[in-house]
*Asks:* 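Sharing a structure, written as structure tokens. Questions coming.
When a residue number appears, it is its place in the shown sequence, counting from 1. Just so it is clear, the structure is predicted and the values come from calculations on it, not from any experiment. When reading the values below, keep in mind they use all heavy atoms of this one structure, side chains included, and skip hydrogens, waters and symmetry mates.
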Amino acid sequence: MQERAIITVVGKDTVGIIAKVCTFLAKERINILDISQTIVQGYFNMMMIVDVTGLKKPFGDMAEELAAMGQEEIGVQIKAQKEEIFDSMHRI
């Protein structure tokens with residue numbers, strides 16, 4: 001059964017954001033199922049639905065590494081949440 005997660009990336013637009021995030025995901029064996037990105041007046045916003053079934057480490061560790069990479073290497077905020085948590089938090 002497929003385990004899905006939501007990844008959001010927000011921050012000032014710069015060259016290589018998508019490349020760095022996607023390279024990280026590929027190394028962690030995370031498959032991108034759907035992706036949407038926009039740039040509004042120089043601010044980058046991306047949302048991805050990913051399959052984390054192939055992840056070999058705890059989800060929390062991966063989420064922390066991804067967040068740290070975003071802040072330290074790219075200068076953006078990256079948040080990863082399991083789909084069921086995301087759905088629960090955004091239910092009306």
*Asks:* Given salt bridge (charged side-chain N to carboxylate O under 4.0 Å, His left out), test Glu73 with Lys20 step by step and report yes or no.
*Replies:* CA-CA 9 Å; Glu73 296 179 28; Lys20 287 184 180 183; 5.0 Å; no

*Asks:* Indicate yes or no: at least one non-hydrogen side-chain atom of Ile78 is less than 4.5 angstrom from one of Gln71.
*Replies:* no

*Asks:* Please evaluate residues Asn31 and Val50 with respect to the criterion side chain to side chain contact (heavy atoms under 4.5 Å, CB included), reporting the C-alpha separation (whole Å), side-chain torsions for both, the decisive distance (0.1 Å), and the verdict.
*Replies:* CA-CA 6 Å; Asn31 187 38; Val50 298; over 6 Å; no

*Asks:* Would Glu28 and Lys57 pass as an ion pair if we require N to O under 4.0 Å?
*Replies:* yes

*Asks:* Linking directly or through intermediates, with side-chain heavy atoms under 4.5 Å: list the remaining ILVMFWY members grouped with Val40, chain and number order.
*Replies:* none

*Asks:* Give me the one residue out of Ile32, Leu25, Leu33 that meets side-chain contact (heavy atoms from CB on, under 4.5 Å) with Asp51.
*Replies:*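 So the option named by the test is Leu33.
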
*Asks:* Would you say Gln77 has more than 12 foreign heavy atoms packed within less than 6.0 Å of its CD?
*Replies:* no

*Asks:* Can you tell if the side chain of Ile18 reaches within under 4.5 Å of the side chain of Phe44, non-hydrogen atoms only?
*Replies:*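 Heavy-atom side-chain distance check passes, below 4.5 Å.
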
*Asks:* Determine whether Leu55 and Arg29 make a side-chain contact, defined as any pair of heavy atoms from C-beta on separated by less than 4.5 Å.
*Replies:*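 No, every pair of side-chain atoms sits at 4.5 Å or beyond.
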
*Asks:* After noting the C-alpha distance and the side-chain angles of Glu3 and Phe59, does the key distance pass the side chain to side chain contact (heavy atoms under 4.5 Å, CB included) rule?
*Replies:* CA-CA 11 Å; Glu3 275 187 75; Phe59 182 85; over 6 Å; no

*Asks:* Contact between Asp13 and Tyr43 at the side-chain level, heavy atoms closer than 4.5 Å - yes or no?
*Replies:* no

*Asks:* Side-chain contact, heavy-atom cut-off 4.5 Å: Thr8 with Gln81?
*Replies:* no

*Asks:* Show, in sequence, the C-alpha distance, side-chain angles and deciding distance for Met48 and Val21, and conclude whether the side chain to side chain contact (heavy atoms under 4.5 Å, CB included) test is met.
*Replies:* CA-CA 10 Å; Met48 308 168 98; Val21 172; 4.1 Å; yes

*Asks:* Side-chain contact, heavy-atom cut-off 4.5 Å: Ile30 with Met62?
*Replies:* yes

*Asks:* Answer whether the closest heavy-atom distance between the side chains of Ile35 and Met46 falls below 4.5 Å.
*Replies:*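 With C-beta onward as the side chain, the pair touches.
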
*Asks:* Going through the checks in order, is the side chain to side chain contact (heavy atoms under 4.5 Å, CB included) test met by Met69 and Ile74?
*Replies:* CA-CA 7 Å; Met69 182 194 72; Ile74 312 171; 3.9 Å; yes

*Asks:* Count I, L, V, M, F, W, Y as connected when their side-chain heavy atoms are under 4.5 Å apart, and connections chain through other members. Are Ile6 and Val52 then in the same cluster?
*Replies:* no

*Asks:* Could you tell me if the side chain of Asn45 sits less than 4.5 Å from the side chain of Val9, heavy atoms only?
*Replies:* no

*Asks:* Measuring from atom CD1 of Ile17 to atom SG of Cys22, what distance do you get when rounded to the nearest 0.5 angstrom?
*Replies:* 11.5 Å

*Asks:* To which residues is Val10 joined in a hydrophobic cluster, defined by side-chain heavy-atom contacts under 4.5 Å among Ile, Leu, Val, Met, Phe, Trp and Tyr, whether direct or through other members?
*Replies:*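 Traced through the cluster, Val10 reaches no other member.
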
